[in-house]
Number of protein chains: 2
Amino acid sequence: MDLSDRKRKILQAIIDEYIGTAEPVGSRAISKKENLGLSSATIRNEMADLEEMGYLIQPHTSAGRIPSDEGYRFYVNSLMQKYKIGVEAVSQLQMILENRVSQLEKIIKFAGAMASKLTDYTTVVTAPSGQNLEIKKIDLVLIGNRTVMLIVVTQTVRNQVMNIDIDEEVCRKLAVILNQKLSGLTASEITFDRIQEIQREIEQTVSLSPKVLIDIIHFVYDTITDDADTEIYVNNAKSILKYPEYSDVEKAGKIFSFLEDKENLKKLVNSTDSSGDGIEAKIGKENNLEIMNDCSLVSINYSLGDKASGKLAVIGPKRMNYSKVFASLDLISNEIDKILKYYISDE
Amino acid sequence: MDLSDRKRKILQAIIDEYIGTAEPVGSRAISKKENLGLSSATIRNEMADLEEMGYLIQPHTSAGRIPSDEGYRFYVNSLMQKYKIGVEAVSQLQMILENRVSQLEKIIKFAGAMASKLTDYTTVVTAPSGQNLEIKKIDLVLIGNRTVMLIVVTQTVRNQVMNIDIDEEVCRKLAVILNQKLSGLTASEITFDRIQEIQREIEQTVSLSPKVLIDIIHFVYDTITDDADTEIYVNNAKSILKYPEYSDVEKAGKIFSFLEDKENLKKLVNSTDSSGDGIEAKIGKENNLEIMNDCSLVSINYSLGDKASGKLAVIGPKRMNYSKVFASLDLISNEIDKILKYYISDE
DNA sequence: TGTTAGCACTCAAGGTATGAGAGTGCTAAC
DNA sequence: GTTAGCACTCTCATACCTTGAGTGCTAACA
C-alpha cells in the first residue's frame, strides 16, 4: 500500500491545491505549478493510478480530481507539511492569557474564541466535567421566601435553587456541616452513602421535619453529582457559510441545527479519544454521522493537571487547512495547560 | 391620512397574504380570496392609491405589491387580528414553569427557548442587569495558590477570580466584614465611598500590606458594580435560514455574524423602550441599523417585581407573523413575571 | 360617479440550444 | 518510461425564446 515518492508528491500537490480552491484539480495545473519536471500526460497517468487506489475521486469524466476521505487520511498521516504559526500571534496569545487568569469558564471560552480566530473555522469547546475537581467550599443561602440556593465552589462555581421551608439559622448550621464533611473531596468521591452519613449528623444537630431533611439531602447530592449540564461552547458558527461546500442553504441549515443541538454535539465531541494528549482528526465518514460526511472534526484534550480535562475541537469542511488547524490547537492547548496548571496548583 | 374601510380591508388582506407566501401579491389573488365582491380592476385602483400613499411597494412593473415599512407599521398599529394561542400550549408552558422554579438564569434561558419554539423565529433574551438585585451574601474562597474567588450571591451568582497573596484566615475575616457591610444592599447602592469605608474597617481588624488591601478593595468594587457581562442568549438562530428572504447565503452570513456579535446585539435590544411593560415592534429601518433593514425586532420587558428587568425579543423577517409573535411574547412574559415574583418575594 | 371588462404592455422566470473551456483517456512516437 | 497530440466528454455560462402573472389605461356600463 505504499506509494512511490512521485505519487506522494503528486497527491500532496493535489490536496494542497484543492484545500485552497475547492475546485477539482486537473493534471495540467499540477504539472505547471509544481516543478516536478513532468508533463500533464504523465501526471494524468499517475492520477489515474491514485484514483484506482482510492485516494482520489473524479466528480465526472471531464473534471479534475478531488481527494477522497482516504486521500485526506493519507495526507494527514503522512504528507502534510508542518504549519508554523507567526511569532506575533503566539506572543499575543501568551500576553492575553497572562492578563486573563480568571475563572475557568472564561479561560475555556477564550480558548474557543482564540482557536476560531486563528483558524477561521467553527470551534467547539467543552468544559471539564468537574467531577474530579476538589470542592473548596459549600454554601447555603436563603435568597427568597422558601427559596434556598446551594453553591458549590470548586475551580468554578455551581449553584442550584430549591424551594424549601427553612430559616436562616438552619441554613447556617447546615452549611457548616456540609463544609466539614465535604470540602476537600471531589465530586466523584462523594457517594450517596457518604451523604446519608451527613444526614444522620444533621438529625442530631438540627431539628427538621424528616421530609425536609430528605429533600435537602437529595438536593445536595444531585447538585454535586449532576454532571448533565457540562457546558459546551460554539464559536464562529457563521464561518460555515463562508465555504462554497455550504453555499446550499439547505445544507448549511442542517449544520446549524446540529451546532445548536448541544446534546448531540457533545456526543460527537466526546466520541473522540479522551486518553491521549495528541491531536485527533476525524475525516468525513470517520465521524459515523450522516451530517458530518462532508466535514472534519479535529480535536485535542486540554487538562487541568491530572484532575479533569475537556476538549477543544474544530469543525470545518473536509478540505480544511489541517496543518494550520493542528498547529493552532496544539499551541492553544499548550498555553492553556500552562495557565491552568498554575491556576489550580495548591502549593 | 385615514383610510377608507375598503382600503383598510384590502391592505390587511395583502399583508396577511404576503406574510404567508413571501411573494408579491396581485389584485386578482385578493379579489378571489376575500369576499369583498370587487373585481380585480377595482382592487387594482385601490392598490395604486395605497402605493401612492406609501403603504405598498411594487418591486417591478409587472409584479404584485408588497408592504412597505409604513404598511407594516399601519398593519401592526391598526389592522392586525389578535392571535389566540392554543390552550394546550398555554397549559404546557405553565406546567413546565411550575416544575422549573430554579435559577434565574435557567428561567431566562427557558423563556428564550420557549419563545422561539412558539414563534419559530430567532429569539434574544437578556438577563436583568443585576444592579438592582439585593446582595444576599458575599464570600471569599481560596481556590488555589494565591488565587482567590469572590462570590456575590443575589438572585443569581456572580463570581470573579483574582491573584493575590492572602491566607485562609484573612479570607474568612474579610468575608465577615464584607457581609456585614454589604449584604442587604443592591449593587447600585454601593458607591466607592462606601467601599472605602470598608477599607478603613479592614485596616483596623486585619493586618495586610497596603498594596494588597487596595487591590482587594478594587477587586470587590469592580466585581459588584461590573455590569459589562450581562448575558445575552440567542435561540434558534438557524431559523433565519428558513425564510426565502435569506436564501442568499451572503445575506444570511451577515445576519449570523451580527447574532454572534453579542455587544452590538445588546445595543440593538437595549435601544428598545425600557420603561413600559407593553410590546414594542421595530420594523425594518426603524431599527436604525443597516443589517436590520429587512428584519423586524419585537420586544417586551419582563421584570423581577420592581427590582430589575430584562428583555425578551424576537428577530425575524419583516413579514413575520406579528400577531402570533405579539401573543407569544405577551404570554411568556406574563407567566415568567408570575414565577419570578414568587421566586424573589421576601415575605 | 363608481365599477368592471377588455386589451396592450411589461417583466421575471424557466426552458432550451449553443459554444467555450477544462479536463480526460488513449495511442503512437520518442 | 515519458510525452505530444487528438478525439471525446461534461460543465458552465450565455443568449434566446416562451410563458404567465400582473399592471395601467380606456371605454362601457349601472
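A, B, ... follow the sequence lines: proteins, then strands. Residue 1 opens every chain. Given the structure is predicted, the values throughout are model-derived calculations rather than measurements.
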* Gap between atoms CD and C1', on A:E23 and D:dC12 respectively (whole Å) -> 11 Å
* Asked: When the distance from CD of A:Q58 to P of C:dA22 is rounded to whole Å, what number comes out?
  -> 17 Å
* To the nearest Å, give me how far apart CD1 (A:I43) and P (C:dG23) are. => 13 Å
* **Test item: A:N270 side-chain N/O and A:K266 main-chain N/O as donor-acceptor pair under 3.5 Å** => yes
* Asked: Is a donor-acceptor pair below 3.5 Å formed from side chain A:S39 to base D:dT3, judging by atom type as modelled?
  -> no
* Under the 3.5 Å rule, do the base of D:dG22 and the side chain of B:R28 count as making a donor-acceptor pair? -> no
* Structure fact -> A:R65 atom CZ is separated from C:dG25 atom C1', nearest whole Å, by 9 Å
* Asked: OP1 or OP2 of C:dT3 sitting under 4.0 Å from any side-chain N/O of B:R6?
  -> yes
* Asked: Can you check the B:N45 CG to D:dT26 C1' distance for me, whole Å?
  -> 11 Å
* Asked: Centres of the A:Y322 and A:Y83 rings: under 6.0 Å?
  -> no
* When you match A:A63 and B:P59 each to their closest nucleotide on DNA chain C, which lands nearer the 5' end? -> B:P59
* B:K242 atom NZ, neighbour heavy-atom count above 12 within 6.0 Å -> yes
* Is C:dA29 paired to anything, Watson-Crick or G-U wobble with both distances less than 3.5 Å, and if yes, which nucleotide? -> D:dT2
* Asked: Starting at the 5' end of DNA chain C, which residue's closest nucleotide do you reach first, A:M47 or B:A41?
  -> B:A41
* Can a side chain N or O of B:T42 be found less than 4.0 Å away from OP1 or OP2 on C:dT4? -> yes
* Asked: Rounded to whole angstrom units, what separation is found between the CD atom of B:E51 and the C1' atom of D:dG24?
  -> 11 Å
* How is A:S27 classified with respect to the nucleic acid when contacts are heavy atoms under 4.0 Å: base, sugar-phosphate, or nothing? -> sugar-phosphate
* Asked: Is any side-chain N or O of B:R44 closer than 4.0 Å to OP1 or OP2 of D:dT26?
  -> no
* Asked: Any donor-acceptor pair under 3.5 Å between the side chain of B:T61 and the base of C:dT10?
  -> no
* **Length of the CD1-P vector between A:I14 and C:dT24, whole Å** => 9 Å
* Asked: Parallel, tilted or perpendicular: which fits the ring planes of A:F74 and A:Y55, with parallel below 30° and perpendicular above 60°?
  -> tilted
* **Whether over 12 other heavy atoms sit under 6.0 Å from B:R28 CZ** => no
* Can you check the A:L38 CG to D:dA4 P distance for me, whole Å? -> 11 Å
